[in-house]
Amino acid sequence: MKILIVIPARLKSSRLPGKPLKKIQGREMILRVLDACKILQSKDIKIVVATDHKKIFNIVKFFGFRVLMTSKKCATGTDRVGEVAKKNKADIYINVQGDEPLINSNDIKKIIDAKKKFQNHIICGYSNLRDDERLANNHIPKVVLNEKSELLYISRSPIPGSKEKKNKNHKFLKQVCIYGFNRNELDLFCKFKKKTYLERYEDIEILRYLEIGKKIKMVKLNSRSYAVDTYDDLKKIERIFKKLKKKMIYLIKDYKFFFKIE
């Protein structure tokens, strides 16, 4: 099957202007996302960035990645993916958000495999809400699933709610923004020229499918990723990359030392 990984990246962001080009340890965020996706690139898996701005286009192209210009009128990243799908034939389209520089390539592969298996479902990732993530944080979409791991609802509010003040036993779940679609599903999404009511109210694009009655299969991921929505998120990601860089330096030193002894 032919797979196209599409990374939508727009320059405008109300909370963090110019977000895709913000540097993390000296490398632009969009390139960090591409680094993770590139691991999966093969004869059957291709990658493209879909952007609305020449600055992003030029940076991505300069570093040797494929990039396409899309309309500034696209309401969401998925609308942008749908625009790409009209001119680029594939069996499966994977939407990887351009603001998750810690995205795991194994998680992307899980979404691809799930879409191959459940071809009549839209696919979306989820994971447990971590201890360092606040339930009340409205930047994090929380999800509720049925017994078939299908999405019942997704909200920026803490869901599911409870009459009890504290429910220590409940594991809250969050969305991981990796989606899997086929061409027909993208065409259906893009038929709407504006956001649907709940999609607009919650500002969560996957709600458009729920509102029109489409099933969404949720796939458990081992995500350690954080979406970058604010300057505080960017600082947090910078600290994580700094630690990862130090670990790599120590590993390389240990590796060289081992072979020097041998």
Side-chain angles (χ1 to χ4, degrees), residues 6-37 49-53 55-56 59-60 70 72 74-81 94-104 107-108 111 124-144 151 153-159 172-179 195-196 198-208 218 221-244:
V6 185
I7 305 169
R10 68 187 183 100
L11 196 69
K12 267 192 173 183
S13 172
S14 57
R15 290 171 290 188
L16 188 58
K19 181 162 62 170
L21 299 182
K22 296 295 182 188
K23 289 192 177 182
I24 300 166
Q25 287 288 287
R27 190 164 172 81
E28 286 80 358
M29 190 188 305
I30 187 65
L31 298 180
R32 294 288 184 189
V33 177
L34 278 161
D35 291 340
C37 293
V49 171
T51 187
D52 65 347
H53 205 281
K55 282 186 178 180
I56 298 172
I59 284 285
V60 173
T70 51
K72 291 182 184 292
C74 290
T76 69
T78 301
D79 288 296
R80 211 170 293 286
V81 176
I94 303 296
N95 180 346
V96 175
Q97 301 294 290
D99 62 358
E100 295 216 19
L102 285 167
I103 203 77
N104 189 321
D107 285 341
I108 300 170
I111 298 294
C124 183
Y126 79 97
S127 67
N128 290 333
L129 193 72
R130 293 199 297 273
D131 293 338
D132 64 339
E133 293 175 313
R134 292 186 304 108
L135 181 61
N137 185 345
N138 65 6
H139 296 310
I140 302 173
K142 276 69 71 174
V143 301
V144 177
L151 183 65
Y153 195 64
I154 178 168
S155 177
R156 296 184 182 279
S157 301
I159 57 169
F172 287 92
L173 307 175
K174 69 168 186 173
Q175 181 192 33
V176 178
C177 292
I178 313 173
Y179 308 115
K195 295 181 179 182
T196 50
L198 289 173
E199 176 192 6
R200 185 174 65 255
Y201 188 83
E202 294 270 13
D203 193 22
I204 301 173
E205 63 200 78
I206 202 73
L207 276 169
R208 193 182 304 185
M218 302 297 290
L221 304 177
N222 298 315
S223 175
R224 298 294 298 170
S225 183
Y226 295 91
V228 178
D229 293 307
T230 65
Y231 280 105
D232 286 341
D233 294 334
L234 188 64
K235 288 175 187 175
K236 186 177 188 177
I237 293 290
E238 181 76 19
R239 289 194 297 269
I240 293 169
F241 267 92
K242 200 170 184 178
K243 285 179 183 177
L244 289 172

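Please read all numbers here as calculations on a predicted model, not as lab measurements.
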Only one of [options] passes side chain to side chain contact (heavy atoms under 4.5 Å, CB included) with [X]; say which it is.
X: Glu133; options: Asn137, Leu129, Leu135; result: Leu129
X: Asn95; options: Val6, Ile178, Thr78; result: Thr78
X: Ile154; options: Ile159, Leu173, Leu207; result: Leu207

task = Identify, with sequence neighbours excluded, every residue that meets salt bridge (Lys or Arg N to Asp or Glu O under 4.0 Å) alongside Lys142.
result =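 Per chain and number, Lys142 pairs via salt bridge (Lys or Arg N to Asp or Glu O under 4.0 Å) with no residue.
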Within the side chain of [X], is there an N or O that forms a donor-acceptor pair under 3.5 Å with the backbone of [Y]?
X: Asp229; Y: Leu16; result: no
X: Thr196; Y: Leu198; result: no
X: Glu238; Y: Gln25; result: yes
X: Arg156; Y: Asp203; result: yes

query = Using 4.0 Å as the upper bound for N to carboxylate O, is an ion pair formed by Arg208 and Asp79?
reply =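 Between Arg208 and Asp79 there is a salt bridge, with a charged N closer than 4.0 Å to a carboxylate O.
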task = Answer yes or no: is there a side-chain heavy-atom contact under 4.5 Å between Cys124 and Leu151?
result =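 Side-chain contact under 4.5 Å: no.
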Results of ring-ring contact (aromatic ring centres under 6.0 Å, His included) for Tyr179 - residues two or more places apart only =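 Tyr179 satisfies ring-ring contact (aromatic ring centres under 6.0 Å, His included) with Phe181 once adjacent residues are dropped.
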message = Going by the rule side-chain contact (heavy atoms from CB on, under 4.5 Å), which residues pair with Pro20 if we only count those two or more places apart in sequence or in a different chain?
response =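 Expected list: Ala9, Ile30, Ile56.
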